[in-house]
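Everything on this sheet refers to the single structure shown next.
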Number of protein chains: 2
Amino acid sequence: MAALTPVQEKFILHWGEMGTKWGVNRTVAQIHALLFLWPKPMHAEEIAETLSVARSNVSTSIKELQGWGIVKVVHVMGDRRDHFESMKDVWELFRVVLDERKRREIDPTLALLRECVAESAQGKAEDTHTRERLTAMLDFFETMAGWYDQIRRMPTDAAIKFVRMGGRIQKLLGLAS
Amino acid sequence: MAALTPVQEKFILHWGEMGTKWGVNRTVAQIHALLFLWPKPMHAEEIAETLSVARSNVSTSIKELQGWGIVKVVHVMGDRRDHFESMKDVWELFRVVLDERKRREIDPTLALLRECVAESAQGKAEDTHTRERLTAMLDFFETMAGWYDQIRRMPTDAAIKFVRMGGRIQKLLGLAS
DNA sequence: CTCCTATTTCTGTCTATACTGAAATTACTG
DNA sequence: CAGTAATTTCAGTATAGACAGAAATAGGAG
């Protein structure tokens with residue numbers, strides 16, 4: 001039941017590998033790839049069979065994907081089982097993932113860097129070098145975070161236009177070196 | 001020998017955790033953090049002692065960091081041992097890492113998506129839905145890769161100005177929704 | 001050429017995480 | 001309010017990756 005075409009399998013396996021390289025569990029990434037490709041919502045049993053993983057593993061992974069906000073439960077009339085579907089819009093998908101990674105990883109790093117710089121400043125003149133380094137790092141993260149927040153606020157279509165325009169903006173603004 | 005200040009330790013430990021969340025070995029990330037903070041090049045023995053890891057582990061991790069292109073060997077007069085130092089400029093650092101991740105992960109994904117879309121097209125009208133999804137994904141990756149390549153070509157200071165300008169560009173270009 | 005130091009490679013061990021299957025829970029249906 | 005289907009939790013197992021220590025290699029210096 002629900003056998004994969006060679007192309008589907010190829011993509012799902014690759015997506016799983018990509019996941020591991022970016023700190024995402026392989027099965028989680030595979031399930032996401034499957035739901036992304038699949039034309040209609042799937043229930044847990046179906047996912048488990050299609051990917052040959054344990055039913056319980058699917059349960060855990062789905063929760064993870066829901067935690068990231070990229071998979072939602074839907075219900076099918078006359079079927080008591082939960083069905084799951086992935087967010088369809090690729091741009092929206094990556095935006096959600098980036099938001100979440102910023103919230104979970106970048107924001108705490110910013111907080112820590114601020115603490116470190118502050119504590120380092122109290123330590124008198126000792127360790128000026130460390131303070132300089134941490135300040136440079138903090139400055140980088142603050143700039144990038146601020147930039148992302150601004151892009152983030154754009155409606156999707158504006159963001160897409162913005163990206164498609166790419167480096168041409170450079171010339172427009174006379175930023176060339 | 002070479003004891004860490006509390007601030008240094010805090011940053012190094014955090015950087016290690018960050019590494020794991022982004023698919024980088026904890027020790028590799030810690031060594032990088034150490035070299036980033038340290039005012040002068042360190043030899044392997046010194047690194048091993050400071051972080052309390054095995055000498056061999058340092059050797060492997062340093063090779064990894066060299067593979068990423070963010071750590072270089074330098075030599076100190078009258079000392080036969082290799083000394084290592086991290087790239088200093090934070091902007092340059094992230095640029096190098098992004099370049100490498102693009103080369104290792106994004107470009108192969110692009111290639112695979114192109115293959116999948118092509119193969120899927122041969123399969124006649126069957127599986128139109130999968131083809132649509134893969135095409136949307138490919139389009140996203142191509143757009144982002146193209147965008148990155150353009151930013152990538154800017155000299156660092158232009159890129160920084162560009163990022164610092166951030167969303168204001170939106171208004172300048174009248175992209176507001 | 002030999003000794004010595006530095007570095008890398010290799011193999012086995014350990015640990016964190018992923019995963020499974022069973023049991024427990026939840027929530028529907030007749 | 002049983003009885004059943006679906007889902008989650010849990011506890012044990014398996015596995016991949018990280019790591020240490022030993023052995024091998026490389027590469028001077030005398």
Side-chain angles (χ1 to χ4, degrees), chain A residues 1-2 12-13 15-35 41-68 71-85 104-105, chain B residues 1-2 12-13 15-35 41-68 71-85 104-105:
Chain A
M1 179 201 182
I12 289 167
L13 290 178
W15 206 242
E17 293 314 309
M18 281 287 285
T20 62
K21 296 195 181 180
W22 290 86
V24 177
N25 177 282
R26 181 180 283 109
T27 308
V28 170
Q30 285 182 352
I31 292 177
H32 171 252
L34 175 62
L35 292 178
M42 301 179 85
H43 60 261
E45 193 62 36
E46 211 177 352
I47 297 170
E49 279 177 21
T50 309
L51 297 179
S52 309
V53 293
R55 174 69 189 71
S56 56
N57 198 3
V58 172
S59 177
T60 313
S61 299
I62 286 282
K63 287 227 132 186
E64 176 87 18
L65 287 167
Q66 286 176 311
W68 282 93
V71 160
K72 296 250 153 46
V73 185
V74 292
H75 283 100
V76 175
M77 276 300 255
D79 194 331
R80 280 169 50 193
R81 294 169 296 188
D82 288 351
H83 287 62
F84 305 95
E85 65 179 10
R104 295 185 191 187
E105 292 146 22
Chain B
M1 180 198 181
I12 290 168
L13 291 177
W15 206 241
E17 293 313 309
M18 281 286 286
T20 62
K21 296 196 180 178
W22 290 84
V24 177
N25 178 281
R26 181 179 285 110
T27 308
V28 170
Q30 285 182 352
I31 292 177
H32 172 252
L34 174 63
L35 291 178
M42 301 177 86
H43 59 261
E45 192 63 35
E46 210 176 353
I47 296 171
E49 279 178 22
T50 308
L51 297 179
S52 310
V53 293
R55 176 72 189 69
S56 57
N57 198 2
V58 172
S59 177
T60 313
S61 301
I62 287 282
K63 286 227 135 184
E64 176 86 19
L65 286 167
Q66 285 176 312
W68 282 94
V71 160
K72 297 250 153 49
V73 185
V74 291
H75 284 100
V76 175
M77 276 300 253
D79 193 333
R80 280 168 52 193
R81 294 169 297 188
D82 288 351
H83 288 61
F84 305 95
E85 65 179 9
R104 295 186 191 187
E105 292 145 23

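In what follows, chains carry the letters A, B, and so on, assigned in the order in which the sequence lines appear, proteins first and then strands, with residues in each chain numbered from 1. Side-chain atoms are counted along with the backbone in the values below, which use heavy atoms only and exclude waters and symmetry mates.
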The test is salt bridge (charged side-chain N to carboxylate O under 4.0 Å, His left out); show your working for B:K72 and B:E85 and say whether it passes. CA-CA 6 Å; B:K72 297 250 153 49; B:E85 65 179 9; over 6 Å; no
Among all residues two or more places apart in sequence or in another chain, which pass the side chain to side chain contact (heavy atoms under 4.5 Å, CB included) test with B:L13? B:E9, B:Q30
What residues, two or more places apart in sequence or in another chain, satisfy side chain to side chain contact (heavy atoms under 4.5 Å, CB included) together with B:E105? A:M18, A:K21, A:W22, B:R101
Could you state the atom-to-atom distance from [atom1] of [X] to [atom2] of [N] in whole Å?
X     : N     : atom1 : atom2 : result
B:H43 : C:dT5 : NE2   : C1'   : 12 Å
B:Q66 : C:dT7 : CD    : C1'   : 12 Å
B:K63 : C:dT7 : NZ    : C1'   : 9 Å

Chain A contact limits on DNA chain D, taken 5' to 3' with a cut-off of 4.0 angstrom to heavy atoms: D:dA5 to D:dT9
Kindly compute the distance separating CD1 (B:I47) from OG (B:S59), expressed to the nearest 0.5 Å. 10.5 Å
Roughly how far apart are A:R26 CZ and A:I12 CD1, rounded to 0.5 Å? 14.0 Å
Apply side-chain contact (heavy atoms from CB on, under 4.5 Å) to B:V74 and B:F84, showing your working. CA-CA 6 Å; B:V74 291; B:F84 305 95; over 6 Å; no
Should A:R104 and A:W68 be marked as a side-chain contact (heavy atoms from CB on, under 4.5 Å) after you check the CA-CA gap, both sets of side-chain angles, and the distance that decides it? CA-CA 10 Å; A:R104 295 185 191 187; A:W68 282 93; 3.3 Å; yes
Qualifying side-chain hydrogen bond (donor to acceptor under 3.5 Å, both in side chains) pairs, either residue in residues 75-84 of chain A, two or more places apart: A:H43-A:R81, A:H75-A:D82, A:D79-A:R81
Roughly what angle, to 10°, lies between the helix axis at the start of the helix from C:dC1-D:dG30 to C:dG30-D:dC1 and the one at its end, five pairs per end? 10°
Heavy atoms only: give me the nearest B:T27-B:S61 pair and the separation to one decimal. CG2-OG, 3.9 Å
Contact summary for B:A29 and B:W15, nearest pair of heavy atoms: O-CD1, 3.2 Å
Does the protein touch nucleotides 18-28 of chain C at the base, only the backbone, or not at all? Give it as B, S and - per nucleotide, heavy atoms under 4.0 Å. SSBB-----BS
